[in-house]
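One structure is given here, and the rest of the page talks about it.
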Amino acid sequence: MYQVSDLEKQFTAALKSIARRSDLKSYVEQTPQVNRLLRLTADRYVTGEHRKDGLNVGRKLLAKGYAVSIEYIGENTTVATECEAAALEMMALIHDLSQGGVPARVSFDLSHIGLSLDKEFAFSHLMNLAEQAQEAGVELFISMEESSKTDDILSVYERAASFNPNIGITLQAHLTRTPQDLAAIVASPSRIRIVKGAYQEPADCSIPRSSTLSDRYLELVESTIRQGHRVSIATHDEHIIEEVLERGWLSNSDVEFEMLYGIRPDLSSSLKAAGHPVRIYLTYGHQWFLYLCHRIAEYPPNLFQAVMDMVSNEEVEVEVIKAYG
Ligand code: FDA
């Protein structure tokens with residue numbers, strides 16, 4: 001695994017804080033030259049700003065034999081009309097997926113559709129989406145956000161999943177509370193996605209990137225499989241992936257690997273070539289700033305790639321899709 005230096009750890013923490021700065025986000029959105037330059041770097045991880053961009057890349061990856069998840073990016077939306085607009089966009093995405101014969105999973109943040117304003121508001125959007133998704137044969141998936149929102153996200157999820165099992169949930173291995181959360185949702189038949197966790201969290205409630213975290217990750221996956229859940233192993237960590245393969249967990253047809261678009265396409269490609277089920281997680285939308293910061297923060301050498309992408313004449317999307325083999 002890539003070894004992270006102290007300087008890189010500080011860089012990661014700083015970039016995750018920058019990602020949270022709404023003044024910087026507005027500056028990037030409202031300053032055309034800066035926006036254009038950073039968009040060139042975001043193209044490596046985000047399919048584009050519009051639904052058709054996500055659908056277009058999704059079709060290409062499906063044709064190569066991958067499964068696909070799609071997210072309309074956005075979170076922490078505090079204006080009711082913007083939450084409603086986001087829910088409508090997700091409805092349109094579900095519609096286009098089913099009409100266009102694109103069998104993709106739709107992922108989203110509850111705080112994009114109202115959680116930051118009112119739990120009931122988010123719940124009613126979720127129920128509308130779930131109803132439409134079930135009719136359309138599309139699977140819905142809730143992402144996990146900062147630990148300050150975990151209780152609210154789990155309570156909205158549990159309530160909605162009791163009416164509609166077609167809603168999956170993401171759990172973060174880096175939160176110390178997660179084994180208890182997993183035990184609490186065991187009755188729900190939903191698919192569970194295990195991630196390490198992308199947010200900067202207080203030290204007293206989280207485990208930093210380490211072998212302890214990798215062990216915790218594997219324990220959670222094992223326990224989720226043992227409890228009979230469908231599981232998405234969402235990581236690019238080769239050590240974890242090797243362990244999963246060695247332990248034979250992939251022989252269970254309800255277990256899959258899931259990786260972010262643009263991250264380690266070589267790894268996705270070799271797993272797929274070996275016959276393992278691999279799902280690629282695509283994003284689209286205007287609010288790519290925080291997403292871009294997280295992808296660079298997770299792996300500081302991506303900063304070099306970002307600078308190269310700013311001056312490259314190559315079409316990044318063509319290069320990325322090609323890397324998926
Ligand atoms: P880790 O960060 O330890 O990286 C292991 C190795 O993978 C690195 O050494 C490097 O080789 C490679 N790698 C990782 N990130 C890279 C990058 N950006 N660029 C290049 N190489 C990279 N988080 C969250 O908090 N809530 C959520 O809902 C989700 N949802 C989600 C869905 C899916 C499908 C995935 C794959 C991930 C998420 N995440 C997430 C993000 C997740 O929490 C985590 O931040 C990233 O997956 C990176 O962690 P790894 O498990 O890859 O390990």
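Remember, it's 1-based here, ligands and their atoms both numbered in the order they're listed. Residues take their numbers from the sequence shown, with the count starting at 1.
In summary, the atoms of ligand 1 found under 4.0 Å from a heavy atom of M144, numbered by their order in the structure, are 24 (C), 25 (O), 26 (N), 27 (C), 28 (O). Per-residue contacts place N302 under 4.0 angstrom from the following atoms of ligand 1 (heavy atoms of the residue considered): 17 (C), 18 (N), 19 (N), 20 (C). Near Y199, meaning under 4.0 Å from one of its heavy atoms, ligand 1 places the atoms 25 (O). Heavy-atom contacts of I263 reach the following atoms of ligand 1: 16 (C), 17 (C), 18 (N), 19 (N), 20 (C), 21 (N), 22 (C) (cutoff under 4.0 Å).
Using the six-membered ring where Trp is involved, H50 and H286 have ring planes that are perpendicular, over 60° apart on the 30 and 60° scheme. Ring orientation note: the planes of F163 and F123 are tilted relative to one another, at an angle of 30° to 60°.
The residue among E298, R193, E258 with a heavy atom at the shortest distance from atom 36 (C) of ligand 1 is E258. Of all the listed residues (Q305, R209, K196), R209 holds the heavy atom that lies closest to atom 2 (O) of ligand 1. Relative to atom 42 (C) of ligand 1, the option among S143, G197, S214 with the closest non-hydrogen atom is G197. When R44, H174, H236 are ranked by how near their heavy atoms come to atom 14 (C) of ligand 1, first place goes to H236. Closest heavy-atom approach to atom 23 (N) of ligand 1 within the set S69, A234, P265, A198: this belongs to A198. Nearest to atom 38 (C) of ligand 1 by heavy atom, out of I233, L267, V195, is V195.
Counting heavy atoms closer than 4.0 Å to ligand 1, residue E238 contributes nothing at all. Proximity of T235 to ligand 1, defined as any heavy-atom pair under 4.0 Å, is shared by backbone and side chain alike.
Between I142 and T170, the closest side-chain pair of non-hydrogen atoms is not below 4.5 Å.
When ring centroids are compared, Y284 and Y72 come within the 6.0 Å threshold. Ring to ring, Y199 and H294 are close: their centroids are under 6.0 angstrom apart.
Residue contacts with ligand 1: R295 is placed with a nitrogen or oxygen under 3.5 Å of a nitrogen or oxygen of the ligand (distance criterion only).
Ion pairing between a basic and an acidic side chain is recognised when a charged N comes within 4.0 Å of a carboxylate O; K322 and E315 show no such pairing. A salt bridge is absent between E258 and R191; no separation between the charged side-chain nitrogens and carboxylate oxygens falls under 4.0 Å. The existence of a salt bridge linking R51 and D53 is excluded, since no basic side-chain nitrogen approaches an acidic carboxylate oxygen closer than 4.0 Å.
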Evaluation steps, salt bridge (Lys or Arg N to Asp or Glu O under 4.0 Å), between R159 and E120: CA-CA 11 Å; R159 213 172 126 206; E120 283 307 312; 2.7 Å; yes
